[in-house]
2 protein chains.
Amino acid sequence: MAPFVSGMALAEIAALMGDVARANILSALMDGRALTASELAWHGGVSAQTTSGHLARLSEARLIAMTKQGRHRYYRLASSEVAQAIETLMAVASSGPKRHRPVGPKDEALRRARTCYDHLAGRLGIALADALTLQDYLVLSDGAGALTEKGQRFLCAFGIELEEGHRSKRTLCRTCLDWSERRPHLAGRLGAALCTKMFDLGWVERVRDSRALAITTKGRGGLRSTFGIEIE
Amino acid sequence: MAPFVSGMALAEIAALMGDVARANILSALMDGRALTASELAWHGGVSAQTTSGHLARLSEARLIAMTKQGRHRYYRLASSEVAQAIETLMAVASSGPKRHRPVGPKDEALRRARTCYDHLAGRLGIALADALTLQDYLVLSDGAGALTEKGQRFLCAFGIELEEGHRSKRTLCRTCLDWSERRPHLAGRLGAALCTKMFDLGWVERVRDSRALAITTKGRGGLRSTFGIEIE
DNA sequence: ATAACGCTTCGGCTGCGGCCGAAGCGTTAT
DNA sequence: ATAACGCTTCGGCCGCAGCCGAAGCGTTAT
């Protein structure tokens, strides 16, 4: 008899991601925010009823989680593990044969800057990782990164607190393969903190109905003076 | 209009993995070997014709690669990236709600020791990583590992050559999340070398029609004396 | 109270995709 | 040469799963 055991489990999860509507829903949730069912219906490109069914199935499989709030229901990815699985799949997908890849303006915006779960990705994410490495603030080796003394002082001066969550088991800094740039960007607590800071400083803003980020004028200046980064 | 762009690509790849027959085929290929179409048909649990169709689709998407040899056609995973994507998905799958998980004897064998693409996984893989770490041969941090001086000498004495492939861009040592143990085991060049050595020494043997490995009597002794490992 | 809204459940339609039998092609054995 | 073998292609069947309209339930607005 064939070893159906692990194949079945793999197929179940993959099949859930293998439907265009559901894939679009998951893709929309990849920015780490929680979205309402109606918003997800829009992203999925299907009716509310259909979406409801999809969301139920994704919830049951623990790929997403739900919170009720008033008459809304907010859905989010269940864990960073799920996010990582999706990102890894996207990396494989984008490395595949060049299909009809229309590369519209939306796609270009995503490639410039976007959120990846809770951290920054796209050219911006890559540039940040490069800048920190180049200045000897960070040493990247394989899948992980370690802050130097110099880097810790720099980040502290920049207003990023990393010690608070020290008891947290979450990795300080790991890399995450960027599907558009095909190179690793920064994830982990450091990646999340950088992302949050950029928002707080008003350097980046979310683009409506997209995971893409817009770099503000203030952000353009700040990125140049603080990190020596020039996007575009 | 909804951003179908990246969702489509994700769905295409995931859908390929989302069929039970194909998932079983990919799962069988996860041990890193190249298998013939007929062998894969057996693993997939479907007829040769059906399998042929599946293999064609997987090849076209560059998830697997093929080599002709006589009247056989050998299929293998196209890259370690694909293997990693599958392993990550399996991790998510096995962390999901406890479905009807029969956990047969075959499953138990897989959990004890198996190959994961080109390195060792299961309790054996975990034990090896733990042993090397405990002896200060290896320092694991986040997703990567670095050999200590002591570790290099030890491995050298054990007969593992790591310098030869130095020009190779492949990571020396990274971790790979073990879906059955839910903890990282060793991958990268080091993981592959350890695995190869175990085979060469006759410490482990492949189990027919499975990714599972059997630990030989000689292996049991060697693992105890060399690494202080006791499996089971 | 009544209406609007957000979401889900139910029922029925439809099409895609997985499946196999039959047949064809190239390679290897005898 | 002939047969056996490994694999693929073609054609047709069939079931599942995705889709929407209609209806129901709970919450919020007026």
Side-chain angles (χ1 to χ4, degrees), chain A residues 1-2 4 7-8 10-29 33-61 63-76 99 209, chain B residues 1-2 4 7-8 10-29 33-61 63-76 99 209:
Chain A
M1 181 180 50
F4 290 126
M8 282 286 295
L10 172 60
E12 266 179 60
I13 299 298
L16 281 174
M17 301 178 174
D19 171 81
V20 179
R22 284 193 297 264
N24 279 319
I25 287 173
L26 290 171
S27 186
L29 290 174
R33 286 184 296 179
L35 302 180
T36 67
S38 342
E39 288 171 323
L40 291 173
W42 183 85
H43 281 285
V46 290
S47 71
Q49 314 91 287
T50 303
T51 302
S52 181
H54 286 319
L55 294 175
R57 294 183 56 183
L58 290 171
S59 294
E60 199 202 3
L63 291 187
I64 62 177
M66 190 260 289
T67 320
K68 295 173 71 165
Q69 202 165 113
R71 57 182 170 184
H72 293 282
R73 294 197 178 185
Y74 284 91
Y75 290 90
R76 61 183 186 281
R99 337 194 136 275
D209 299 325
Chain B
M1 184 179 51
F4 290 126
M8 282 286 295
L10 172 60
E12 265 178 61
I13 299 298
L16 281 174
M17 301 179 174
D19 172 80
V20 180
R22 284 193 297 262
N24 278 320
I25 288 172
L26 290 171
S27 186
L29 291 175
R33 286 183 298 180
L35 302 180
T36 67
S38 343
E39 287 170 323
L40 291 173
W42 182 87
H43 282 284
V46 290
S47 72
Q49 316 91 286
T50 304
T51 302
S52 180
H54 287 319
L55 294 175
R57 293 184 56 184
L58 290 171
S59 293
E60 200 203 2
L63 291 187
I64 62 178
M66 189 260 289
T67 321
K68 296 174 71 165
Q69 202 165 116
R71 56 181 169 183
H72 293 282
R73 295 197 178 185
Y74 284 91
Y75 290 89
R76 60 183 187 281
R99 332 195 139 278
D209 298 327

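Chain naming here is simple, since letters A, B, ... match the order of the sequence lines and numbering starts at 1 in each. This one's a predicted model, so the numbers in the text were calculated from it and none came from an experiment.
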## Note on the structure
Residue pairs passing the salt bridge (Lys or Arg N to Asp or Glu O under 4.0 Å) test with at least one member in residues 35-56 of chain B, sequence neighbours excluded, are none

### Query
How many Å lie between CD on A/E39 and C1' on C/dC5, as a whole number?
15 Å

### Query
Among C/dC19, D/dT8, D/dC19, which nucleotide sits nearest the side chain of B/S52?
D/dT8

### Task
Grab the CG-P distance between B/L35 and D/dG6 for me, whole Å please.
15 Å

### Query
C/dT8 phosphate, OP1 or OP2: any side-chain N/O from A/Y75 under 4.0 angstrom?
yes

### For B/R33, salt bridge (charged side-chain N to carboxylate O under 4.0 Å, His left out) partners two or more places apart
B/D31

### Query
Does B/R22 reach the main-chain N or O of B/A15 with its side chain, forming a donor-acceptor pair under 3.5 Å?
yes

### Query
What does A/A37 touch in the nucleic acid at a heavy-atom separation under 4.0 angstrom: a base, only the sugar-phosphate, or nothing?
sugar-phosphate

When you compare the protein's N or O atoms with those of nucleotides 15-17 of chain C, which come within less than 3.5 Å of each other, and at what distance?
none

### Query
If pairs are Watson-Crick or G-U with both distances under 3.5 Å, what is the dot-bracket string of DNA chain D, marking crossing pairs with [ ] and pairs to another strand with |?
||||||||||||||||||||||||||||||

### Message
Quick check: closest heavy atoms across A/G7 and B/A23, and the distance to 0.1 Å?
### Response
O-CB, 3.4 Å

### Message
As an exercise, state the distance from CG of B/N24 to CH2 of B/W42, rounded to the nearest 0.5 Å.
### Response
9.5 Å

### Query
Do A/L55 and A/M66 touch side chain to side chain, with heavy atoms closer than 4.5 Å?
no

### Query
Would you say A/L63 and A/M17 make side-chain contact, with heavy atoms under 4.5 Å?
yes

### Message
Is B/R73 close enough to D/dG6 that one of its side-chain N or O atoms is under 4.0 Å from OP1 or OP2 there?
### Response
no

## Note on the structure
Between A/H72 and A/G53, whichever has its closest DNA chain C nucleotide further toward 5' is A/H72

### Between P of D/dT8 and CG of B/L40, the distance in whole Å
10 Å

### Query
Where along nucleotides 21-30 of chain D does protein come under 4.0 Å, by heavy atom, of base (B) or sugar-phosphate alone (S), with - for untouched nucleotides?
BB----BB--

### Query
Rounded to whole angstrom units, what separation is found between the OH atom of A/Y74 and the C1' atom of C/dG6?
11 Å

### Task
Over all heavy atoms of both residues, which pair between B/S47 and B/A41 is shortest? Give the atoms and the distance, please.
O-CB, 4.3 Å

### Side-chain touch B/L40/B/L29, heavy atoms, less than 4.5 angstrom
yes

### Task
Name all pairs fulfilling the side-chain hydrogen bond (donor to acceptor under 3.5 Å, both in side chains) condition that reach into residues 63-74 of chain A, sequence neighbours left out, sorted by first residue then second.
A/T67-A/R76

### Message
Within this structure, what is the CG-CD1 distance for the pair A/L16 and A/I25, rounded to the nearest 0.5 Å?
### Response
11.0 Å

#### Entry: Distance, rounded to the nearest Å, where B/E60 contributes CD and D/dT9 contributes P
11 Å

### Query
Taking the nucleotide of DNA chain D with the closest heavy atom to each, which residue, A/V46 or B/T36, is nearer the 5' end?
B/T36

### Summary
When rounded to whole Å, the CG to P distance for the pair B/L55 and C/dC19 reads 12 Å

### Task
Output yes when a side-chain donor or acceptor of B/S52 lies under 3.5 Å from a complementary backbone atom of B/A48, and no otherwise.
no

